[in-house]
Number of protein chains: 2
Amino acid sequence: MTRWLDDGEQRTWRAFLAASQRIQEELDRQLQRDSGMPHTYYAILVRLSEAEKRKMRMSELAGSVGSSPSRLSHAVARLEERGWVRREPCESDRRVSWAVLTDEGLAILVSAAPGHVEAVRRTLFDRLGPEQVEQLSEICMAILKGVEVQDPVLRDPAS
Amino acid sequence: MTRWLDDGEQRTWRAFLAASQRIQEELDRQLQRDSGMPHTYYAILVRLSEAEKRKMRMSELAGSVGSSPSRLSHAVARLEERGWVRREPCESDRRVSWAVLTDEGLAILVSAAPGHVEAVRRTLFDRLGPEQVEQLSEICMAILKGVEVQDPVLRDPAS
DNA sequence: ATAGGAAAGTTGAGCTCTCAAGTATTGTAC
DNA sequence: GTACAATACTTGAGAGCTCAACTTTCCTAT
């Protein structure tokens, strides 16, 4: 027998959908308008910029941004066309390829970041109190528990 | 000067992104696999099923599911092809068209709902305590404050 | 009455995402 | 050492989404 959602759960669920949808769209729109890229591309550039020597294996990178191998491959192909990322073969294992953030890619990221952070503050943090931020963090970590998330920022001790 | 995110905010932000992304994808995959439709189509069918006489104006429906007019128009065109929704002209205002949920559409919705609710429980509610559900609700309402949300479920008094 | 603008929808092109299938390389078992 | 499977990644087709442009109908001000 299906355990349907009660009224409170229904409200919470729809509020969650609407809120996350709104934030996604707002960020996508802002980045597309101001920097000409979707949020997923921005995330790729960010991860690369944080990596050792600004390079990561495709599979690593995919895990880190939570993308399928296919999606990442397509995305990196586009980023490569723009000259923001470059692919390099791996010597030790010829199956893997490195994605390397170029100087141009880094420059774009640097120019895009302030507006993006501003949008994140405006749509999320400015609307919440400190205790709500803490609660949201724990809620999201609970949602992610047991799911393999490769983002190093989410994997360290200090819960 | 840009106010960058501190470590805690950074963690919260990435956790939020990963969590909402995971839930979106899980639901989309489940619905696509089990019922052959994306989550956005499901949401449309739900709103129509709740409406008076199972019909809504396109603009109403768009506001209710948080979609652009364009997206909704495309989506309803696909739903019409499948016979799940039908368009009817409006007598009193010939600019508007009604989207009407057909019997077939309702049947599909009824068959899809249990699996969908199950997925919602599995990915969200089963992972949170009751107080976290309450917190999440308030957080999402705060994020949505000042944003025009047309979902009637989110617009009644009991905050 | 009528012109100008607003509102409701639609359409098409370009882009991203998904899914399934495919290639190439590496690891493993006998 | 040679099949067989697993891994890493790519590719192509189909589908949905976005954005800008467009049509039609209604409203409003003069």
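Note on naming: letters A, B, ... go to the chains in the order of the sequence lines (proteins, then strands), and numbering restarts at 1 for each one.
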message: Whether B:R33 contacts C:dC19 is assessed here as follows: a side-chain N or O lying under 4.0 Å from the phosphate OP1 or OP2. Is that the case?
response: no

query: More 5' along DNA chain C: B:W98 or A:S92, using each one's nearest nucleotide?
result: B:W98

- prompt: Within less than 4.0 Å of OP1 or OP2 of C:dT18, is there a side-chain N or O belonging to A:R71?
  reply: yes

- prompt: Are the charged groups of A:E80 and A:R82 less than 4.0 angstrom apart, N to O?
  reply: no

message: Does a side-chain N or O of B:R94 approach OP1 or OP2 of D:dC26 to a distance below 4.0 Å, or not?
response: yes

- prompt: Do B:D28 and B:Q32 get their side chains close enough for a donor-acceptor pair, meaning under 3.5 Å?
  reply: no

query: Would you say A:R95 reaches D:dA6's phosphate, i.e. side-chain N/O to OP1/OP2 under 4.0 Å?
result: no

- prompt: Are a donor atom and an acceptor atom from the side chains of A:T102 and A:R86 found within less than 3.5 Å of each other?
  reply: no

- request: Establish, with yes or no, whether the OP1 or OP2 oxygen of D:dA15 is under 4.0 angstrom from a side-chain nitrogen or oxygen of B:Y41.
  value: no

task: Please tell me which of A:D93 and B:A75 maps to the more 5' nucleotide of DNA chain D, matching each residue to the nucleotide holding its nearest heavy atom.
output: A:D93

- request: Whole angstrom is fine here: how far is it from CD in B:E80 over to C1' in C:dG9?
  value: 13 Å

- request: Determine: side-chain N/O of A:S67 to OP1/OP2 of C:dT18, distance under 4.0 Å, yes or no.
  value: no

task: Could you tell me whether the phosphate oxygens of C:dC19, OP1 or OP2, come under 4.0 Å of any side-chain nitrogen or oxygen in A:S68?
output: no

- request: Test B:S97 against B:R87 for side chain to side chain donor-acceptor pair (under 3.5 Å), laying out the working first.
  value: CA-CA 6 Å; B:S97 49; B:R87 269 186 257 229; 5.3 Å; no

- request: Could you check A:Q32 against A:S70 and say which one's nearest nucleotide on DNA chain D is further toward the 5' end?
  value: A:S70

query: Under 4.0 Å between a side-chain N or O of A:S59 and OP1 or OP2 of D:dC9?
result: yes

